[in-house]
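Numbered from 1 within each chain, the chains take letters A, B, ... in sequence-line order.
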Amino acid sequence: MVNGTSALLADSGAKGWPLSRIATPSLDDDGSYDADAKVPLSEDTPSIVHRWQQSNSILSLAASDRYVFAGTGGNEIQVFDTETYQQVDTLTGHGGSVLCLYVSTGKSLLFSGGSDSILKVWDTDSLKELYTIYSVFDIGDIFAVLYSEMLETVFFGSQNASIQWCNMTTIDRHTSLDKSGLPSNRFSKFFNSSGPGGKSSPVPKETMLAVPKTLIELPYHSVVPYAHFGYVYCMQIYQPPVHTPLGVVEEYILSGGGDGNVNLWAMRHGTFVCLRKLSNSTSVLCMTVMDTFLYCGLTDGVINIWDLDAFQLIKSVHAHKEDVLSIASFGNCVFSGSAGYVRKWSRDLSLGSRWECHNGLILSTITVERDNRRVLITGGNDDSIALWDITDSFPNCRPDLSFANDQLLASLATFVSFRTVSGSEEYLADCRRCATFIKSLLKKFGAASHLIVTDNNRNPIVYGRFSANASDKTDTTVLFYGHYDVIDASGSGKWETEPHSLSGLNGYLYGRGVSDNKGPVLAAVFAAAELFQEGKLRINVVFLIEGEEECGSIGFQASVSAKKDLIGHDIDWILLSNSYWLDDEVPCLNYGLRGVIHLTVEVSSDRPDLHSGVDGGIDREPLMDLTKLLAKLTDDAGKVLVPGFYEPVRPITEAEERLYEQIGENSSIGLSKDLLMAKWRLPSLTVHAINVSGPPNQTIIPHKATATISLRIVPDQDIDAVSATIQHCLASQFAAFKSRNHLSIKINRQADAWLGDPENAAFKTLANAVKEAWGVYPLYIREGGTIPAVRFLEKEFDAPAAQLPCGQASDHAHLDNERLRIVNLYNAKNIWRRAFDELPKRTKLTNGLRRC
Amino acid sequence: MCRFLIFKGRDPILLAHLLTRPEHSIINQSYDSRLRIDNRRPINGDGFGVGYYTPEADPELGDGPCVFCATTPAWNNLNLARLAEKTKSSMVFAHVRASTAGVLSETNCHPFTFHSLMFMHNGQIANFHRMKRKLASHMKDEYFLYVQGGTDSEWAFALFLDSLDKLGVDPSKPAGVNGFGHEMIRNAILLTIQYIKDWSKQCSEGDTDNEEPSLLNFAVTDGHSVIVTRYITSRTEEAASLHFSTGSKFIEYEPGQYKMERRDRRQDVILVASEPLTFERSDWVTVPTNSILTINNQTVLLHPIMDEFYQTDPSVPRSSNFAASRGLVSPIVEPQASTNVNLPPLEREGRRRLSITV
C-alpha cells in the first residue's frame, strides 16, 4: 500500500498534472454536451445489476461483506442481501431520517446517525441494536459518522457545526438507565411549555424509543463545538503513507463542512486537534480519498482535488450542473453523483463518462467488492437503490466468474434477450439464435451438445450431455426436459419493464420467459455444469430443451424418437422444472399433470349468411343448433353429461389423501381439499369460444358457427377412448335434432395425463434437496395443466418423471410482468446440484413405471 | 421583546404556510408566545410587519423588499390573512411586536428597510437613552436622517447602515446579482455590535455590576444573504431565544400541523425563528448563544462571536435570571441553573425530567 502510493505519485508527476486551478468546460446534466470537452458521454457505462424500489428517499448507504444497508427518509435502515438481492430486514428505532451510515468491518458494527440527533450502533451479523448514543447538547441532525479502527472511536458531525466522539472501548462506562436525558424527552423551555389555559404542547412520540437496548450518554467534554462554521456534512479516514510530512502511521480524520473547509484532525492525548484547514469555494457535501488525493464534491457542481501530501489544491473541475451530492472511488476511478447522473472519472478527472442512474438526486454512492466483482451502489431521492457492475472499469481485474451466481444471472439476461416466441414466422431467427446460444453454453461448460432439427422445420431441440466424470461415477442417466420458447409479450402494453430485457427489481428478475421456462432450465444447466467442472459429476445428465412447448410440442415426439440412439436408451429418470409453487411461501414438488383434448365443433348450413329481417324464421340456424348441442354437454348444475366422463378416475389412496391434508395444514392458499381435487385429479370440460361467420351485427344469420372446446383428462382415463366418446356423444345428439345443417368435429391436439410416484427415489432425493435449500420439506402438489412431452418421454424411455417447481405462484407466467425471485433461481440450482449428486440408479423391478 | 421569523427557500413559499396556518405560526405567537411570557403583558400585540422580496427579477419592481405593517395586533388583521393566502416569496421576514421602546406607530414596526436591505431586531439595547446622542453624532447624515420612529431597533439599523458605509459599501446602491456578500454584512453587523457594546459600557456611569446586558438578536438581509445574531453582552446570562430548522420541504401533514421533511441533506427550506413554528422537537435546533447564523445561498453557516462574553466550553451553563427578570421565560417553574461544574450538563441546566418533577 505504502510503496504503491509513492509509485502512483511518481506516475502522476510524470503525467505532468497542472498544479494550478484549471476548470474544464462545464458538462451539464441536462443532456447538453460541450463539444470542447474531452469526455465521451455514453461510452463505457456500467450495466445495472439490480434495483431496489423503496417507499422513502435513500439518504445513506453502507455495506458489510454480506449486506447492503440503506438509511431512508422513513426513519428506517433497510437491509439487503448482496447474494440473493432479497431484502432481509428493516432496522427501526430512529425517530427521524437516517442521514448517515458507517460499517466497521473489523468490528462487525454498523453506525447510524439521524435527524433525531441519535447515533445508534448495530451488530452487522445479528442485525440487533447494541447501543443508542445521545449528546447532551442540542446538535440537530447528524450528517456524518465514521469509525476509526485504530483509535477504536466513533466520530460524528452534526447540524450545529460540532464534532463529537465516543471511544467504543470505554463506552460501557457511560451507560445510562435514565431515558429522560434523550433529546426527545429532556426538558425544553419551548416544547414543555403550556399554552393558553395551561394546555400542554403535544407530547413527543416516544414509541420508537420505547426500550433502547443500551443507552449511552456521551461524555460532555468529548466535543468540538465549532468544528466547522457550518453543518458537518461528511467525514473520511485518512491514513497517510509514512514518507509524508505527517510522518507516523496514524489515522487522521477529515471533515468537510458547509463553510467550505476540509479540516484534518488527529486525536492527541484525548483531545481532538485540528491540524489543517483546506479551504474550498462552497460547501463540501462529500469526500473520497484515493492514496494521498482527496476529492471534494461541492455545492456548485465542482469537484476539487487536493494533494494531502503537500496540502495543495491540484485541480478544480466543474463536474456537474448541480450539487455534487455523493462521491466514491475504487482503484483508479472516481464516481460522482448529482441530479440524476453519475459520472465516472479517471483519477485526474480528465476523462470520464456519465450515465443516468436515478430519476432524482443521487444522495449516496458507495463501491463494494464481492467475488472479485466490483459494484457501485447508488441511492436517490427517487426512493430507489441501484447496483451497477463496474468490474469492466478495471482491466486488471479478472473475476473468476465461471459458476458464480452472478454468471448465472448474466447468462439468463442473454437467454431472455432472445424473443423466442414459438409458432410465429417473425421470431424464427431469434429462436435459432437462442438454440445456438444454449448449445454453445453447454459446450463451453464441457457438455456434448447438438441441435436436433425437427422435420417440419419448426424450432430445433437443443441436446446436451454432461457425462459423469467423478472418481466414483455411476452409470445412472437422467434426462432433463425444458423449453426455450415463450408466449408473445407484445401487444398488451402493460409491462413495466422491457419484456425481452432482464430487469432486476426488489429481489426479482423481470422478463418474458424468466420463469417459464428459461430461468429453471439455466438453473439445472448450471448445477450440472458446476459438478462437471469440479470433476464431481457422478451421473450422466442429458438435456433436451425444445422450442415448441407453448405450441403443443409440435414435432417433438417424432424428432426425439428418431434421435433415440443419440439421446440414449438407458435413461433412469425424466426431470423437469416447468411449474410453480402453490403459493409464494412453501416450496413444492409436482407429481401430476392432467392431459388435454382440444377439439373444434362446427355447425354449418348450405346457404350463405342471411338477413334476419328478410329470411328469419325459414331455416334452422347453425348457431342455434350449435348452442343447443353445447347445452346438451352439461346439466343445469354444470355436471358433464358425456357418458362415462367421470370414469375411470383412479380412486384416491390414503397416502394421496395425506398429501392433500398437508397442503391444507402448511399452505396459505386457503383452497379446500375438494377444490384442489377438482382442479388436479378430476376431469373437466371447457367451452373456450364460439365464432360465427359474417359481420358481427344484429341482423345477420351466420351460415356457420364454430365452438372450441377442451377436455382435461386424468388417470386412468384413456385419451383415445375419451376422444371417441365425446365425438360420438356430439354426433348422436346432433342427429337427434334432425337438422338440415351439418356437423363437423375436429380433434386439434391431445396429450396424455401424467402421474408420478411421489414415493419413488427421484422424489425422495428432490425432497431432501429442497429441505436443505429451503429449510422445509416440500408440499406434494399436482397441477391442472398439461405438459405434452412429459408422459411421452416417460413412455418413450420407460423412465418415471419428477418435477421440481422453481418459481412462486405470483410469477405471472404467460402474463404481463412475468418474474422470478432470484433466491428461487439460486435455490433451484442448489437443489439440482444436490439431486444430480445423489440420484440413484433406478431399480426397475421395485420402482417400475406406474401405468397411467 | 418581540418574535421574529425568517424564511429562505430554494422555491417560493406561500406566506400563509409561515404566518397563519401552522399551529404555532408567528401570528399565533403574537398571543401565545411560549418563550416570552410577560406576566404584565403576555402578548405581542403592538403591531406587526411582514417584508418579502418579489420572486421574479423585474426591473420595475427593483431589488428592495415589499413591507406590509400595521399597528393593530397581528391576529386581528384581516388584510394580513388575505395577503398571506395570495403571496409567495422565497425570502420572507416577519415580526410581531411588543414594544419596549417607542410608541405604537407604523414607523416603529419592523422590519425596517433601506433600498435593498431589510432589518429586524428582537431584544433591547441597554442604556440606549444615554448613548443616543453619541450614536447620532457618530453617523453620517443620510443614516441619521433615515430614522423616522423612536425605537432603539431602528437606530441600530441606521448604525448598521453607517457601519456598512464605513466598511466601504454604499448601502443605497443596488446590491448586484449576488448582493453585498455575506462576509461583508456579517462584518458590518459585528461592527454594529461592537459600537453598541462600547457605548453601552461608556454610558453605564461606572456601575457595571448592576448594568443590564443588551439583548441583540438582529436579522438583516440584502435579498441574497441573511445574517442573524443571537447575542447578549454577558458571560453568564442567556441571550433571547433563537431557533432554526432546515430540510427539503416544510409540509403540512395535517391541518395546522407542519413538519420539516429531510428527503436529502440539502437545505432547500431554511427557517430561523425566535420560537419554533411547530412542536416537532427534532426539527428545531437552538442557535448557540453569542453566535451568528448566516444563510448563504441555501447553506446555513454558524460562527461564534468570540469576544469577552464568549464561553469556549459549551457545557458551561448560562442563567436565565436576566431573561426571567424581564418576564422572558416560560411559565413552567424550572429549577435554577446550578453552577456546580461537577454535575453533568443536563442536571446542571435542570433539563432532566426526573430532576424537574422533584
Side-chain angles (χ1 to χ4, degrees), chain A residues 56-57 59 73 95-97 99 114-117 136-141 143 158-162 178-181 183-196 198 201-202 204 217 220-221 223 225-226 228-231 233 258-259 282-283 285 299-300 323 325 360-361 363 381, chain B residues 23-24 28 31-32 34-35 37 42 241 243-248 257 260-267 275-276 279-288 291 294 296-304 312-315 320 329-332 334 344-347 349-356:
Chain A
N56 277 293
S57 181
L59 291 151
S97 297
L99 297 165
S115 66
D116 55 354
S117 310
V136 296
F137 303 112
D138 190 6
I139 56 171
D141 299 354
F143 285 112
S158 315
Q159 192 179 8
N160 78 335
S162 71
D178 179 6
K179 283 198 296 170
S180 70
S184 55
N185 295 3
R186 64 193 174 213
F187 178 78
S188 153
K189 278 180 207 163
F190 177 76
F191 295 107
N192 293 98
S193 62
S194 331
S201 318
E217 182 171 297
Y220 59 85
H221 44 76
V223 59
Y226 287 96
H228 282 270
F229 298 130
Y231 297 3
Y233 279 119
D259 55 355
T282 59
S283 301
L285 296 176
T299 38
D300 52 3
D323 302 358
L325 294 161
L361 303 176
L363 304 176
N381 71 351
Chain B
E23 191 191 19
H24 202 60
N28 292 357
Y31 61 83
D32 173 22
R34 301 294 177 93
L35 292 176
I37 299 296
S241 63
H243 299 79
F244 71 107
S245 178
T246 62
S248 42
Q257 302 298 319
M260 189 62 82
E261 206 173 49
R262 269 86 115 202
R263 286 183 57 79
D264 52 57
R265 294 185 302 164
R266 298 212 279 195
Q267 301 151 40
E275 277 184 31
F279 292 98
E280 299 291 325
R281 217 173 241 256
S282 66
D283 285 357
W284 294 91
V285 186
T286 310
V287 178
S291 62
T294 304
N296 174 33
N297 297 319
Q298 286 304 129
T299 301
V300 170
L301 302 177
L302 280 171
H303 292 83
T312 32
D313 181 352
S315 71
S320 44
V329 289
S330 134
I332 284 192
E334 164 194 1
L346 288 176
E347 276 80 357
E349 294 165 22
R351 296 181 68 196
R352 263 190 207 281
R353 225 171 238 179
L354 290 181
S355 51
I356 291 160

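With chain B as partner, the option from A/Asp323, A/Thr299, A/Asn160 having the largest number of non-hydrogen pairs under 4.5 angstrom is A/Asp323. In terms of heavy-atom pairs under 4.5 angstrom with chain B, the leader among A/Pro183, A/Ser162, A/Gly73, A/Gly114 is A/Pro183.
Looking at B/Gln267, only its side chain comes within 4.5 Å of chain A, counting heavy atoms on both sides. At a 4.5 Å heavy-atom cutoff, A/His221 makes no contact with chain B through either its backbone or its side chain. Residue B/Thr312 touches chain A through its backbone alone, counting heavy-atom pairs closer than 4.5 Å. The contact between B/Thr286 and chain A is made by backbone and side chain atoms together, counting heavy-atom distances below 4.5 Å. For chain B, the nearby part of A/Leu59 is the side chain; its heavy atoms alone come within less than 4.5 Å. Using a 4.5 Å cut-off between heavy atoms, A/Tyr231 contacts chain B through both its backbone and its side chain.
Closest approach of A/Ile139 and B/Val285 over heavy atoms only: C-CG1, 4.4 Å. Between B/Leu301 and A/Gly258, the closest heavy-atom pair is CD2-O, 3.2 Å.
Rounding to the nearest 0.5 Å gives a distance of 4.0 Å between CZ of B/Arg262 and CG of A/Asp141. The distance from the CG atom of A/Asp116 to the CZ atom of B/Arg281 is 13.0 Å, given to the nearest 0.5 Å. Considering OG of A/Ser115 and CE of B/Met260, their distance stands at 11.0 Å, rounded to 0.5 Å.
With sequence neighbours excluded, the residues that form a ring-ring contact (aromatic ring centres under 6.0 Å, His included) with A/Phe229 are B/His303. A search for side-chain contact (heavy atoms from CB on, under 4.5 Å) contacts involving B/Pro314 returns A/Phe137, A/Val223, A/Pro225, not counting sequence neighbours.
A distance-only check finds a donor-acceptor pair linking the side chain of B/Arg265 to the backbone of A/Leu285 [under 3.5 Å].
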